[in-house]
**Student:** 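One structure coming up, written as structure tokens, with questions to follow.
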Amino acid sequence: MARVSQEHLDARRRQILDGAAVCFARNGFHATSMQDVLKEVDLSAGAVYRYFSGKEELIAAVVGEVLDSVRAAFEEASHQSPPPPPDDLLTLVMGRTLAARANLTVDGEPAFPRLVIQVWGETLRNKELAVVLHGGYAGVRQAWTRIVEGYQDAGMMRADVPSDHVARTMIAVAVGFLAQQSLFGPAPVEVLRDGLRALMSMPDPRTGTGGSQLG
């Protein structure tokens, strides 16, 4: 019997995960059955169960990948010294995050933002996945805190605001942009860049100074 290569095994696992992600993005975790996944990937039950014991394990794997993809994009950005300004940095991170799953679509629109929304909902009822989500969020916060500290050390951002506060705000911007993509349809990442750039240019009426030092 011919030996199956590791490349083949990895490709088949990728096929199953991508198909499950599309199903979950389309109908949610609970409305999706294993039969739906089998139909999406066009594989037998035996072929799928060789890699995953059932839907719960598939959900955990998909959720882990969603969190890892977002965290990896922020982690990579955090190693630049000094980091690009927030408008460019968030555009870069969101662009890479969306591009990494651009091949997955639901009704002609990107599946990844919809999948993110489904993940959030699922973690509200699934304690095990909630632990995974909290760990992923903590990793992103740490990465962004390092980015903000890089701004402050380079004199690009005021240092009297706790770096974690800025980090959480930037994460909220990124998360909100993904939510808009899911709820209201795709929008180019340049929308995010331009909006941040405009906000950063506002003068401070309390001090009479110009816009952000990052502009």
Side-chain angles (χ1 to χ4, degrees), residues 17 21 60-102 110 112-113 115-120 122-124 127-182 187-204 206-207 209-215:
L17 281 172
V62 168
V63 169
E65 284 206 332
V66 168
L67 296 175
D68 285 345
S69 64
V70 175
R71 180 171 52 194
F74 280 97
E75 285 280 358
E76 182 179 350
S78 72
H79 296 306
Q80 301 182 53
S81 182
D87 51 344
D88 290 332
L89 186 57
L90 271 172
T91 302
L92 176 66
V93 168
M94 285 294 96
R96 288 181 177 175
T97 300
L98 294 171
R101 296 290 184 271
F112 184 75
L115 186 60
V116 170
I117 297 293
Q118 299 290 357
V119 166
W120 293 338
E122 182 65 14
T123 55
L124 292 177
K127 293 182 179 179
E128 289 77 15
L129 291 182
V131 171
V132 176
L133 178 64
H134 286 192
Y137 177 66
V140 171
R141 275 179 65 183
Q142 289 175 1
W144 257 102
T145 298
R146 289 196 298 270
I147 291 171
V148 174
E149 290 171 349
Y151 290 148
Q152 294 172 333
D153 291 343
M156 299 168 65
M157 179 178 287
R158 52 190 293 178
D160 60 335
V161 178
S163 57
D164 181 63
H165 293 190
V166 183
R168 294 179 65 152
T169 300
M170 291 294 97
I171 294 169
V173 171
V175 168
F177 186 69
L178 283 175
Q180 288 187 29
Q181 296 265 337
S182 172
V189 292
E190 288 75 19
V191 170
L192 181 64
R193 180 201 63 198
D194 294 345
L196 281 169
R197 193 163 291 173
L199 288 171
M200 289 159 53
S201 71
M202 292 179 62
D204 188 343
R206 296 165 298 182
T207 63
T209 58
S212 167
Q213 299 176 62
L214 298 169

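Predicted model, so just to flag it, every value in this text is computed and none were measured.
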**Student:** Identify the heavy atoms of L129 and T123 that sit nearest to each other, and give their distance.
**Tutor:** O-CG2, 3.7 Å
**Student:** What donor-acceptor contacts under 3.5 angstrom involve side-chain atoms of residues 173-182, with partners at least two apart or in another chain?
**Tutor:**
residue : atom : partner : partner atom : Å
Q181    : OE1  : A187    : N            : 3.4
Q181    : NE2  : A187    : O            : 2.6

**Student:** Could you tell me whether the side chain of L124 reaches within less than 4.5 Å of the side chain of W120, counting heavy atoms only?
**Tutor:** no
**Student:** With distance as the sole test, does Y151 use its side chain to make a donor-acceptor pair with the main-chain N or O of P84 at under 3.5 Å?
**Tutor:** yes
**Student:** Please round to the nearest 0.5 Å and tell me the distance separating atom CG of L98 and atom CZ of R101.
**Tutor:** 11.0 Å
**Student:** For V62 versus L115, what's the shortest heavy-atom pair and its separation?
**Tutor:** CG1-CD2, 3.8 Å
**Student:** Do D164 and R168 make a side-chain contact, defined as non-hydrogen atoms from C-beta onward lying under 4.5 Å apart?
**Tutor:** yes
**Student:** Mind checking the NZ-NE2 spacing from K127 to H134? Nearest 0.5 Å is all I need.
**Tutor:** 12.0 Å
**Student:** Can you check side-chain contact (heavy atoms from CB on, under 4.5 Å) on R96 and L92, steps first, answer last?
**Tutor:** CA-CA 6 Å; R96 288 181 177 175; L92 176 66; 3.4 Å; yes
**Student:** For V148 versus A167, what's the shortest heavy-atom pair and its separation?
**Tutor:** CG2-N, 4.0 Å
**Student:** How far apart are the closest heavy atoms of L196 and P86, and which atoms are they?
**Tutor:** CD1-O, 4.0 Å
**Student:** Does any N or O in the side chain of Q152 come within less than 3.5 Å of the main-chain N or O of V161, such that one atom is a donor and the other an acceptor?
**Tutor:** yes
**Student:** Would you compute the distance between atom OG1 of T97 and atom CG of L90 and round it to the nearest 0.5 angstrom?
**Tutor:** 10.0 Å
**Student:** CD of E122 to CD of E128: how many Å apart, nearest 0.5 Å?
**Tutor:** 10.5 Å
**Student:** Which heavy atom of S163 sits nearest a heavy atom of T145, and at what distance?
**Tutor:** OG-CG2, 3.3 Å
**Student:** Do R193 and R197 pass the side-chain contact (heavy atoms from CB on, under 4.5 Å) test, and can you show the C-alpha distance, the side-chain angles, and the key distance before you say yes or no?
**Tutor:** CA-CA 6 Å; R193 180 201 63 198; R197 193 163 291 173; 3.4 Å; yes
